[in-house]
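If you're wondering where the values come from, they're calculated on a predicted model, not measured in any experiment.
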Amino acid sequence: MAMASSASVSVSGRGGGFLLPAAVLLAVAVVHARGAPCVPRVFSFGDSLADTGNFPFLYGNDSREPALRTPYGETFFRRATGRFSDGRLIVDFIADTMGLPFVRPYLSGRTAEDFASGANFAVGGAMALGPDFFRGRGVPMGDRMHLDVEMKWFHDLLDLLCPADRADCTGMMNQSLFLVGEIGGNDYNIPLLSRVPFEKIRTFTPSVVAKISSTVTELIGLGAKTLVVPGNLPIGCVPNYLMIFKSDKKEDYEPETGCLRWMNEFSKYHNRLLIDELEKLRKFHRGVSIIYADYYGAAMEIYRSPEQFGIDHPLAACCGGGGPYGVSMTARCGYGEYKVCDDPQKYGSWDGFHPSEAAYKGIAIGLLRGTYTQPSISTTISSCPQLTELGSSVEYKNCGTVPHLTVVAQVIGWLLFFVHFL
């Protein structure tokens with residue numbers, strides 16, 4: 001479930017920034033502490049569920065965007081980084097487990113060396129489809145980021161990495177891990193929040209899935225061999241939607257979770273279409289690993305058994321306007337008379353739309369263990385000892401990070417981030 005950002009965007013190119021020599025030394029130390037990376041690079045596309053810092057480069061002067069300032073980022077980074085949470089995201093935990101530093105936001109780099117470990121093209125508020133699709137169907141829509149723009153950035157990066165001949169990038173593409181999403185959530189969020197009839201929103205899903213499929217196909221055509229494609233989260237468990245679509249009918253809620261049944265059914269509908277589409281792609285691309293990441297199933301583990309993850313309030317936001325779900329119509333995290341909980345790790349949601357770091361961590365471990373990836377990511381990337389260790393671990397309640405990391409590696413990773421971005 002991605003945030004429906006209020007900002008519009010005009011995109012040109014990469015921002016500034018450079019890598020200090022000290023950061024190079026720290027990067028070497030990180031690799032030494034973690035062992036050799038399982039994959040040389042990670043490339044990520046998506047929206048606010050995956051944005052590790054592109055958002056500030058596009059909207060840094062917009063005072064209406066609370067995610068650009070604290071309390072966002074307070075749990076892990078101790079400052080706002082452009083991530084829409086109190087700390088790390090799923091992509092951070094995946095990169096961490098693969099033995100790589102956090103995936104660098106594309107707009108923060110300038111040279112090929114800046115992207116030695118990959119790049120993240122995800123942007124908060126991004127959609128799968130372009131705004132013209134919605135305008136053509138009578139849905140008001142300003143200019144917004146979408147997958148085609150993120151793919152343009154990726155092509156620009158390939159020109160930077162292999163300026164003489166794109167063929168020089170083939171080996172790099174073959175060995176890298178591609179995360180295509182989560183994306184598509186905002187294609188539903190914005191119409192939902194605009195009160196577009198639900199029956200009409202449902203008709204958008206085949207086009208959303210088709211866009212994700214065409215992006216996967218394009219990446220395969222460029223040489224990608226290992227792609228992870230996430231489905232949608234259970235949006236019926238999102239605090240803001242629980243508030244907005246509150247019902248007096250008991251049958252509208254799932255008895256085991258308290259989530260809105262009809263909204264979760266819609267998430268499952270999107271995911272079924274995506275699973276079917278990925279199966280078709282596998283038949284056309286036999287030598288490619290196309291992995292479906294079941295965000296829905298991994299997240300539902302948290303909502304059904306929150307105590308297993310150290311979470312006391314799975315359906316409430318830590319940062320927001322109060323009320324039974326931690327949200328209100330008059331205040332939101334970082335805006336208005338908002339409130340912040342004492343311990344974000346006890347909450348399933350950070351700001352009413354985006355998961356907390358604790359929830360992201362639980363979902364990531366479900367994926368990395370292979371339980372919620374089809375085919376299993378742990379068998380697809382079989383040369384990764386960290387994944388083997390993670391799969392054999394039975395205790396992860398309240399763990400500070402993905403279990404294979406040492407405290408030294410955590411500290412060095414933290415220092416590396418600040419050397420890059422301060």
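Two residues are said to be in side-chain contact when any heavy atoms from C-beta on lie closer than 4.5 Å; Phe55 and Leu68 meet this criterion. Residues Met98 and Ser117 have side chains not in contact (no heavy-atom distance under 4.5 Å, counting atoms from C-beta outward). Residues Leu157 and Phe115 have side chains in contact (heavy-atom distance under 4.5 Å, counting atoms from C-beta outward). Using a 4.5 Å heavy-atom threshold, the side chains of Val180 and Val228 count as separate. Two residues are said to be in side-chain contact when any heavy atoms from C-beta on lie closer than 4.5 Å; Gln308 and Ile302 fail this criterion. Side-chain contact between Thr205 and Phe266 is present, with heavy atoms from C-beta onward closer than 4.5 Å. Under the 4.5 Å side-chain criterion, counting only non-hydrogen atoms from C-beta, Thr215 is in contact with Met151. Looking at Ile363 and Leu233, their side chains come closer than 4.5 Å, going by heavy atoms from C-beta outward.
Under the 3.5 Å distance criterion, the side-chain polar atoms of Asn186 are left unmatched by any main-chain donor or acceptor of Asn189. Although no hydrogens or angles enter the test, the distance criterion places a donor-acceptor pair under 3.5 Å between the side chain of Asn240 and the main chain of Gly352. At least one donor-acceptor pair under 3.5 Å links the side chain of Asp114 to the backbone N or O of Arg110. Asn232 contributes no side-chain N or O that, together with a main-chain N or O of Ser267, makes up a donor-acceptor pair within less than 3.5 Å. Asp276 contributes no side-chain N or O that, together with a main-chain N or O of Leu273, makes up a donor-acceptor pair within less than 3.5 Å. Judged purely by atom type and a 3.5 angstrom limit, Asn120 uses its side chain to pair as donor or acceptor with the backbone of Ala50. No donor-acceptor pair under 3.5 Å is formed between the side chain of Arg369 and the backbone N or O of Ile365. Judged by distance alone, the side chain of Ser356 and the main-chain N or O of Tyr347 form a donor-acceptor pair under 3.5 Å. Glu279 places no side-chain N or O within 3.5 Å of a backbone atom of Arg282 that could act as its donor or acceptor partner. Between the side chain of Thr52 and the backbone N or O of Arg104 there is no donor-acceptor pair closer than 3.5 Å.
Lys200 and Arg137 make their closest contact through NZ-O, 2.5 Å (heavy atoms, listed as atom of the first residue, atom of the second, distance). Contact detail for Phe204 and Asp187: the closest heavy-atom pair is CD1-O, 4.2 Å. The minimum heavy-atom distance linking Leu315 with Cys237 is given by the pair CD2-O, 3.6 Å. Nearest heavy-atom pair across Ser85 and Pro355 is OG-O, 3.0 Å.
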task = Let me see the working for Arg41 and Leu177 under side chain to side chain contact (heavy atoms under 4.5 Å, CB included), right down to the final yes or no.
result = CA-CA 6 Å; Arg41 284 179 171 91; Leu177 176 65; over 6 Å; no
Item to complete: Any chance you could lay out the side chain to side chain contact (heavy atoms under 4.5 Å, CB included) test for Val229 and Ile291, step after step, and finish with the verdict?
Response: CA-CA 6 Å; Val229 187; Ile291 303 167; over 6 Å; no
Go through it in stages, so that I can follow the logic: the residues are Thr226 and Thr380, the test is side chain to side chain contact (heavy atoms under 4.5 Å, CB included), and I'd like the CA-CA distance, side-chain angles, deciding distance and then a yes or no. CA-CA 8 Å; Thr226 306; Thr380 302; 4.2 Å; yes
Can Asp51 and Asp47 be said to form a side chain to side chain contact (heavy atoms under 4.5 Å, CB included), step by step? CA-CA 6 Å; Asp51 187 353; Asp47 53 31; over 6 Å; no
Let me see the working for Phe84 and Trp350 under ring pair (Phe, Tyr, Trp, His ring centres under 6.0 Å), right down to the final yes or no. CA-CA 8 Å; Phe84 286 75; Trp350 165 242; over 10 Å; no
What do the steps show when you test Asp148 against Lys211 for salt bridge (charged side-chain N to carboxylate O under 4.0 Å, His left out), and what is the final call?
-> CA-CA 9 Å; Asp148 284 347; Lys211 173 53 68 175; 2.9 Å; yes
**Asked** Between His354 and Ser349, is a side chain to side chain donor-acceptor pair (under 3.5 Å) present by the stated rule, with each step listed?
**Response** CA-CA 6 Å; His354 304 92; Ser349 175; over 6 Å; no
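Aromatic pair Phe154/Tyr106: centroids not less than 6.0 angstrom apart. In summary, the aromatic rings of Tyr188 and His270 are positioned with their centroids under 6.0 Å apart. The aromatic ring centres of Tyr372 and Tyr295 sit 6.0 Å or more apart.
Electrostatic pairing of Asp156 and Lys152 counts as a salt bridge here, judged by a charged N lying under 4.0 Å from a carboxylate O. For Glu357 and Arg88, the salt-bridge test passes: some basic side-chain N is under 4.0 Å from an acidic carboxylate O. Salt bridge status for Arg83 with Asp92: present, with a side-chain N to carboxylate O gap under 4.0 Å. A salt bridge links Asp143 to Arg135: at least one charged side-chain nitrogen sits closer than 4.0 Å to a carboxylate oxygen. Salt bridge status for Glu265 with Lys268: present, with a side-chain N to carboxylate O gap under 4.0 Å.
Glu254 and Thr257 share a side-chain donor-acceptor pair at under 3.5 Å.
Atom-to-atom distance recorded for Ser213:OG and Leu281:CG is 4.0 Å, nearest 0.5 angstrom. Here Arg195 contributes atom CZ and Ile201 contributes atom CD1; the two are 10.0 Å apart, rounded to the nearest 0.5 Å. If you take OH on Tyr325 and NZ on Lys246, they are separated by 7.0 Å, rounding to the nearest 0.5 Å. A distance of 5.5 Å separates SG in Cys38 from CG in Leu387, rounded to the nearest 0.5 Å. To the nearest 0.5 Å, atom CD of residue Glu337 and atom NZ of residue Lys339 are 10.0 Å apart. Rounded to the nearest 0.5 angstrom, Glu74 CD and Cys318 SG are separated by 6.5 Å.
Remark: Cys341 SG to Cys319 SG, distance not under 2.5 Å.
More than 12 heavy-atom neighbours from other residues, nucleotides or ligands sit within 6.0 angstrom of CD on Glu251.
A parallel orientation is assigned to the rings of Phe121 and Phe45, their planes being inclined by less than 30° (bins at 30° and 60°).
Only one option out of Tyr269, Tyr241, Phe198, Tyr253 pairs with Trp262 in a ring pair (Phe, Tyr, Trp, His ring centres under 6.0 Å); it is Phe198.
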